[in-house]
Protein chains: 2
Amino acid sequence: MATIRELARLCGVSPATVSRVFNNPKVVNAKTREQVLRTARQIGYLPNESARTLATKKSFMVGLVWDTDHRRPGWRHPFFQEILIGLKTALSGRGYHLLMLATSGEPTEDAYVRAVRRHNLDGVVMIDSGTWDPSLRRLAESGIPCVSLDRPVQGPRVTYVTSDNVGGARLAVRHLHEQGRRAIATITGPAHTRPGAERLQGYQDELARLGLPYRPEFVVEGDFYLSGGHAAMRRLLEADDRPDAVFVAGDEMAVGALVAIGEAGLKVPEDIALVGFDDIEVAALVPPGLTTVAQDKDGFGIAAAEAVVSMINGADAPPPRILPATLVVRGSSTPPL
Amino acid sequence: MATIRELARLCGVSPATVSRVFNNPKVVNAKTREQVLRTARQIGYLPNESARTLATKKSFMVGLVWDTDHRRPGWRHPFFQEILIGLKTALSGRGYHLLMLATSGEPTEDAYVRAVRRHNLDGVVMIDSGTWDPSLRRLAESGIPCVSLDRPVQGPRVTYVTSDNVGGARLAVRHLHEQGRRAIATITGPAHTRPGAERLQGYQDELARLGLPYRPEFVVEGDFYLSGGHAAMRRLLEADDRPDAVFVAGDEMAVGALVAIGEAGLKVPEDIALVGFDDIEVAALVPPGLTTVAQDKDGFGIAAAEAVVSMINGADAPPPRILPATLVVRGSSTPPL
DNA sequence: CTGAAAGCGCTTACAG
DNA sequence: CTGAAAGCGCTTACAG
């Protein structure tokens, strides 16, 4: 591996000049600049990022906290995977790499903060896995630029990105009402997750606006996973009074609900209309097509990357970004009764 | 951020001694060692990894090449997500972090090699996304310790981890035969992917062993995704002679096939038995339960971590690891005819 | 068991 | 526009 000194010697200039060619090209004479660039290409010179980071205190690396282990399967949700790729792409377009932070069995409260400091990470993105342990709080309070997905957090240089969960849920309920449904139940996400709570809120709000009664027996909590949606739907079907529509707060759960309805000998949408949330790939493919509230998955990654990079560059924490959610109508809720 | 000098000063020793406390503790006097450790904790000293990497040429970071963009949706497959977490966990247990490599629109052949060298990465894991472009070949040939998932590659310090795809496919076909099925079709993965080709091979091998004829019209290529399985199944159903069983080379495709069969007014397993491959979460949940060939998802991550770390520590490239695949019997293939 | 010194490969005021 | 020098925070033979 060639170093900056060798390259400088080859070009008959000082290392300082070579450094300027890469970091501040306009200040160096055009001729020498070209020569340095050409020679660098010939000998395959690559700047050593560790040395740069040591000298500049900037690593151009962002940490990803995706708090996962085998007891917390939050990461299994396909929605996160779709966000991850968008985030990686958006960051790399801005010159940043993504380091997956692992606590390596070091279960102390400051595990993440320590990892971030040791590696000179410039910022952090955290994916809400439903848990919110002290190590995340410490990270948010540490002063490191921090963007959280789907969860508001307190901290000096922290912001978050989320979908308009309340508005999206309202869209879903309004749509079901427009289709002539009046007994509209909901299968919620876990109450302790932000999206879970907000989508329930939207359901309640829209019910109120429409003048429909709020019926506690029409609200069953799920877990965002297929099996939870299946179980929740069975509970709804066991009740004396059956709903004619269900707003399911996540597509995976909605597929589980679909299955449960089929097992009960009922049909979607004839007997029960269904609207999901997320618009994961399977929503379009499962018959009769799942009507759902789409989240802007690429938008998550882009907004998170923008926010963290702007804070890294010295800006104050930008306000939270609430991405619009849009209704995608498919067969599970149409035609009207 | 406290440095090693400050810590040394506080303890009345030299930086060299502090360094030894962290890197080679046994050579330093027990008393001073304890004092250094205690003081380090008090002032929150953390070694600067960039400086360490610069001095030692070891970064304790492994790159992940997951070659993805919006045209190549390889990453969307839920199977990869399950592997990723296992890999991260296994690596972090061995003291390594995972850096997601992005080419940031730098579409040169040596983009990955450059990224690896610039960041002093100790090794690399590559996930086969079906494409195999020159930049991956260059990486494999570069001399950097390299582990590939699901694809054999040539290179001085390279090995790979895969499932026993041939054996697994044979298990599936044999099982269908034991259930009394004789007209056994297959929906394959893309022919240019290794798992796709091998599972087809296993299908052919077992057919031959059982004395069943190989019928080209019973072989339809899919894409490993739900929609591809759906389309492939429709083609099988359009033919004059309908199969009574299908070995589908991936669970997502199998779910698509299940849907297509239902749409055609046929039933699984009564009319057509189905066996998938992978054992992703949905396999257990979709009615009537998908019989499938399970891959050892945690095993992938562990084997890859072991292999790359052993090469980093100077060992020769270990032989390829072929993980056993096991049959998981559910309702889609039972009871026997 | 310990310290002084040199070095890892860069960057960046400072002076010219 | 350019160079010499100092410094980023560590590690590691070497000498004692």
Side-chain angles (χ1 to χ4, degrees), chain A residues 1-37 39-40 43-61 95 97 114-122 312, chain B residues 1-37 39-40 43-61 95 97 114-122 312:
Chain A
M1 286 296 300
T3 71
I4 202 172
R5 297 182 54 130
E6 290 165 44
L7 179 53
R9 192 178 45 75
L10 252 36
C11 298
V13 299
S14 74
T17 296
V18 174
S19 176
R20 291 191 192 98
V21 168
F22 292 107
N23 296 305
N24 198 5
K26 46 211 157 210
V27 309
V28 13
N29 177 292
K31 243 189 197 129
T32 42
R33 195 202 311 141
E34 294 314 318
Q35 190 207 355
V36 168
L37 254 18
T39 314
I43 68 172
Y45 168 74
L46 293 172
N48 182 324
E49 293 296 336
S50 301
R52 290 185 107 182
T53 298
L54 180 59
T56 63
K57 268 92 184 72
K58 295 192 44 94
S59 65
F60 289 96
M61 293 201 301
H97 285 262
R114 293 164 60 96
V116 168
R117 294 215 191 285
R118 290 177 71 123
H119 289 92
N120 301 106
L121 301 186
D122 298 329
I312 288 170
Chain B
M1 285 295 301
T3 70
I4 201 172
R5 297 182 54 129
E6 291 165 43
L7 179 53
R9 193 177 46 73
L10 252 35
C11 297
V13 299
S14 73
T17 296
V18 173
S19 176
R20 290 188 193 101
V21 168
F22 291 107
N23 297 306
N24 198 5
K26 46 211 156 211
V27 309
V28 14
N29 178 292
K31 244 189 197 127
T32 43
R33 193 201 312 143
E34 294 314 318
Q35 191 208 355
V36 168
L37 254 17
T39 314
I43 68 173
Y45 168 74
L46 293 172
N48 182 323
E49 294 295 336
S50 300
R52 290 185 106 184
T53 298
L54 181 58
T56 63
K57 268 90 184 69
K58 294 192 44 93
S59 65
F60 289 97
M61 293 201 300
H97 285 263
R114 292 164 60 95
V116 167
R117 294 214 191 287
R118 290 176 72 122
H119 289 92
N120 303 106
L121 302 186
D122 298 330
I312 289 170

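Only this structure's heavy atoms are used, side chains among them; waters, hydrogens and symmetry mates stay out. Convention: sequence-line order gives letters A, B, ...; per-chain numbering from 1.
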The side chain to side chain contact (heavy atoms under 4.5 Å, CB included) partners of B/Ala51 (sequence neighbours excluded) come to A/Leu54, B/Asn48
Base, sugar-phosphate, or nothing for [X], non-hydrogen atoms under 4.0 angstrom?
| X | result |
| --- | --- |
| A/Leu7 | nothing |
| B/Ser19 | base |
| B/Phe22 | nothing |

Encoded 5' to 3' (Watson-Crick or G-U under 3.5 Å; [ ] crossing; | other strand), DNA chain D becomes |||.||||||||.|||
When B/Val13 and B/Ala51 are each assigned the nearest nucleotide of DNA chain C, the 5'-most assignment goes to B/Val13
Closest non-hydrogen atoms of B/Arg33 and B/Pro25, given as atom of the first, atom of the second and distance, are NE-O, 3.3 Å
Let me confirm one number: the [atom1]-[atom2] distance from [X] to [Y], rounded to the nearest 0.5 Å.
| X | Y | atom1 | atom2 | answer |
| --- | --- | --- | --- | --- |
| B/Leu37 | B/Thr32 | CG | OG1 | 10.5 Å |
| A/Ser59 | A/Asp122 | OG | CG | 3.5 Å |
| B/Arg117 | A/Met1 | CZ | CE | 6.0 Å |

DNA chain C: first to last nucleotide in contact with chain B (atom under 4.0 angstrom from a heavy atom), 5' to 3', is C/dC1 to C/dG9
Sequence neighbours excluded, the answer for side chain to side chain donor-acceptor pair (under 3.5 Å) partners of B/Asn29 is none
Taken in chain and number order and not counting sequence neighbours, the residues that satisfy side chain to side chain donor-acceptor pair (under 3.5 Å) with B/Ser50 are A/Asn120
Expected list for residues 24-35 of chain B near DNA chain D, using heavy atoms below 4.0 Å, is none
Across all chains, not counting sequence neighbours, the salt bridge (charged side-chain N to carboxylate O under 4.0 Å, His left out) partners of B/Arg118 are A/Glu49
Distance-only criterion, 3.5 Å: show the donor-acceptor pairs between side-chain atoms of residues 10-22 of chain A and protein atoms not counting sequence neighbours.
residue, atom, partner, partner atom, Å
A/Ser14, OG, A/Ala16, N, 3.3
A/Ser14, OG, A/Thr17, N, 3.3
A/Ser14, OG, A/Thr17, OG1, 3.4
A/Ser19, OG, A/Asn23, ND2, 3.2

- Message: A side-chain contact here means heavy atoms from C-beta on lying under 4.5 Å apart; do A/Tyr45 and A/Thr39 qualify?
- Response: no
In short, salt bridge (Lys or Arg N to Asp or Glu O under 4.0 Å) pairs touching residues 9-19 of chain A with sequence neighbours left out are none
Problem set entry | Nearest-angstrom distance, C1' atom, D/dT12 to D/dG16 | 16 Å
